[in-house]
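To start, the structure itself, in structure tokens.
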Amino acid sequence: MVTPTTSTERGIAAAEAHSAHNYHPLPVVVASAEGAWMTDVEGKRYLDMLAGYSALNFGHGNRRLIEAAKAQLDRVTLTSRAFHHDRFAEFCTRLAEFCGMEMVLPMNTGAEAVETAVKTARKWGYRVKGVPDGRAKIVVADNNFHGRTTTIVSFSTDPEARADYGPYTPGFEIVPYGDLRALADAVDEDTVAVLIEPIQGEAGVLMPPAGYLPGVRELTRERNVLFVADEIQSGLGRTGADFACRHEDVVPDMYVLGKALGGGIVPVSAVVSSREVLGLFRPGEHGSTFGGNPLACAVALEVLAMLRTGEYQQRATELGEHLHHELGLLVGGGAVDAVRGRGLWAGIDINPALGTGREISERLMERGVLVKDTHGSTIRLAPPLVISKEDLDWGLDQLRAVLAG
């Protein structure tokens, strides 16, 4: 065994010795960050082109968000839902308004919000639609990623996420993503919801075919089924709109939100829907000690205030057009097989002959750019929405250099 000599090596060795190996991080140990840049324990700077899977849409150390958190830290951070607090009502009101909905059920993590959406849809199915008890079905898409709880991985098609966690939760049917005919065939009288990601991030930023989301909306409305949109990664400005669904003028029955809602400071998630749907809950039927806590509400309120200006959506639109134009020029030259995405979000299929996604990510890390691989030779780009055009272009230059060998 080689003795670690650098701060990076010592940090990684200690982590591997005392933490479960459920992640395979790139060999960098971050010590500080600001905006779109991170600095490691050796003092080397890296351009963050992942933004915490969209949790850091507003960049590292955003002053407005930090100040909102600091101000709340001096007042009260947690009451539990046993009591009211003075930030809760405003948070729920502002988030409902932002979504064009009526009610909010706040949680913490994205997976908790998805679990909440599943429970909500089933409750609605039994109490409103009249589905016989124990027969509620939710239709989902293959290649989905909605989280990692036992119930959620029960309807995953990723063997790595699913293996060894059975027995699996019943009540789900999986259909091909983007296939309206298959979806229509799967929806029956026991179906209570269709749960999909408007853009499948973990699968490699897979885009739905044109007309698919409006088709899902029409089908679910016709069949009296809830349309649940998981916008945990795609929502809150990432694609250049408030929500990815809005690009096709689609409004689902329920939004599932998380990541950027907490500004990269605290975990904040929520299910947002109508009074008819969320109004079904009664005390004791669902909850979370930390869900909707004062600190989370204070940060999320500032996030919503920033989004209401439209500035970040506009940046994602303009810089996203530039990003996809530049990436499109790489396709067909032998190094890049395909590029997908919308706004400041892209999935890039690298020619496998050049290396795996992990290997490409490591080469980019050596050049000062941090990205994340997924599924073979695909890498994802999702820089903070505050990134400058100059920094974005520098990051793209490093990608070109890596692809050129």
Side-chain angles (χ1 to χ4, degrees), residues 1-56 59-61 108-112 114 145-150 152-154 156-166 201-205 232-233 258-259 262 264-267 269 290 347-348 350 352 354-384 395 398-399 402:
M1 179 178 178
V2 178
T3 301
T5 58
T6 67
S7 296
T8 296
E9 290 172 347
R10 287 191 292 272
I12 293 173
E16 291 184 347
H18 299 287
S19 69
H21 296 173
N22 58 318
Y23 278 91
H24 186 201
L26 290 173
V28 57
V29 180
V30 176
S32 62
E34 183 177 3
W37 289 87
M38 297 193 286
T39 303
D40 72 5
V41 290
E42 314 287 350
K44 180 177 179 179
R45 298 179 77 225
Y46 298 86
L47 183 64
D48 180 4
M49 295 282 275
L50 182 64
Y53 305 100
S54 292
L56 288 152
H60 297 273
N108 306 288
T109 65
E112 285 179 283
V114 173
F145 183 83
H146 296 287
R148 297 188 182 276
T149 66
T150 305
I152 293 171
V153 300
S154 294
S156 171
T157 57
D158 181 354
E160 203 169 68
R162 180 181 166 90
D164 298 330
Y165 298 128
E202 184 71 18
V205 195
I232 291 170
Q233 286 196 58
K259 294 196 185 296
I265 297 175
V266 288
S269 66
F290 280 85
I348 307 169
I350 309 295
L354 297 181
T356 65
R358 171 74 182 198
E359 290 167 342
I360 299 299
S361 298
E362 289 175 344
R363 292 170 201 166
L364 281 167
M365 182 197 73
E366 292 169 2
R367 300 186 69 90
V369 176
L370 298 179
V371 302
K372 186 67 175 70
D373 62 289
T374 183
H375 301 293
S377 292
T378 299
I379 62 172
R380 288 167 287 174
L381 304 183
Q398 307 319 304
L399 174 62
V402 166

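Bear in mind that the values here come from a model prediction, so they are computed numbers and not experimental data.
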Would you indicate whether the side-chain heavy atoms of Ile379 and Leu364 approach each other to under 4.5 Å?
-> yes

Does atom CD of Glu34 have more than 12 heavy-atom neighbours from other groups under 6.0 Å away?
-> no

Does Leu399 reach the side chain of Val369, with side-chain heavy atoms less than 4.5 Å apart?
-> no

Donor-acceptor under 3.5 Å (Glu16 side chain, His21 main chain) = no

Any side-chain heavy-atom pair from Leu50 and Leu370 closer than 4.5 angstrom?
-> no

Could you grab the distance from atom OH of Tyr53 to atom NZ of Lys372, nearest 0.5 Å is fine?
-> 4.5 Å

Is the shortest heavy-atom distance from the side chain of Asp158 to the side chain of Phe145 under 4.5 Å?
-> no

If every non-hydrogen atom of Arg162 is compared with every non-hydrogen atom of Val153, which pair is closest and at what distance?
-> NH1-O, 3.4 Å

For Phe290, does the CZ atom have more than 12 heavy-atom neighbours from other residues, nucleotides or ligands under 6.0 Å away?
-> no

Roughly how far, to the nearest 0.5 Å, is the CD atom of Glu112 from the CD1 atom of Ile152?
-> 9.5 Å

Where do Ala51 and Ala382 come nearest, in terms of heavy atoms and distance?
-> CB-O, 3.1 Å

Shortest non-hydrogen contact from Pro384 toward Gly35 | CG-O, 4.2 Å

Any side-chain heavy-atom pair from Leu26 and Arg358 closer than 4.5 angstrom?
-> yes

Which heavy atom in Gly355 sits nearest to a heavy atom in Ser377, and how many Å separate them?
-> O-OG, 2.9 Å

Supply the atom-to-atom distance Thr109 OG1 to Lys259 NZ, rounded to the nearest 0.5 angstrom.
-> 9.0 Å

Glu202 versus Arg380, closest heavy-atom pair with distance | OE1-NH1, 2.9 Å

Which distance, rounded to the nearest 0.5 Å, do you find between the CD of Glu366 and the OH of Tyr46?
-> 9.0 Å

Side chains of Asp373 and Ile360: does their closest heavy-atom pair fall under 4.5 Å?
-> no

Around Asn22, counting heavy atoms of other residues, nucleotides and ligands shown, do more than 12 lie under 6.0 Å from its CG?
-> yes

Would you find a donor on one side and an acceptor on the other, under 3.5 Å apart, between the side chain of Thr8 and the backbone of Val29?
-> no

Do Gln233 and Ser54 meet the criterion of a side-chain donor-acceptor pair at a distance under 3.5 Å?
-> no

Is there a side-chain contact between Ile12 and Pro27, using heavy atoms and a 4.5 Å cut-off?
-> yes

Of all heavy-atom pairs between Met365 and Lys44, which one has the smallest distance, and what is that distance?
-> O-NZ, 3.7 Å

With side chains defined as the heavy atoms from C-beta onward, is the minimum distance between His60 and Trp37 less than 4.5 Å?
-> no

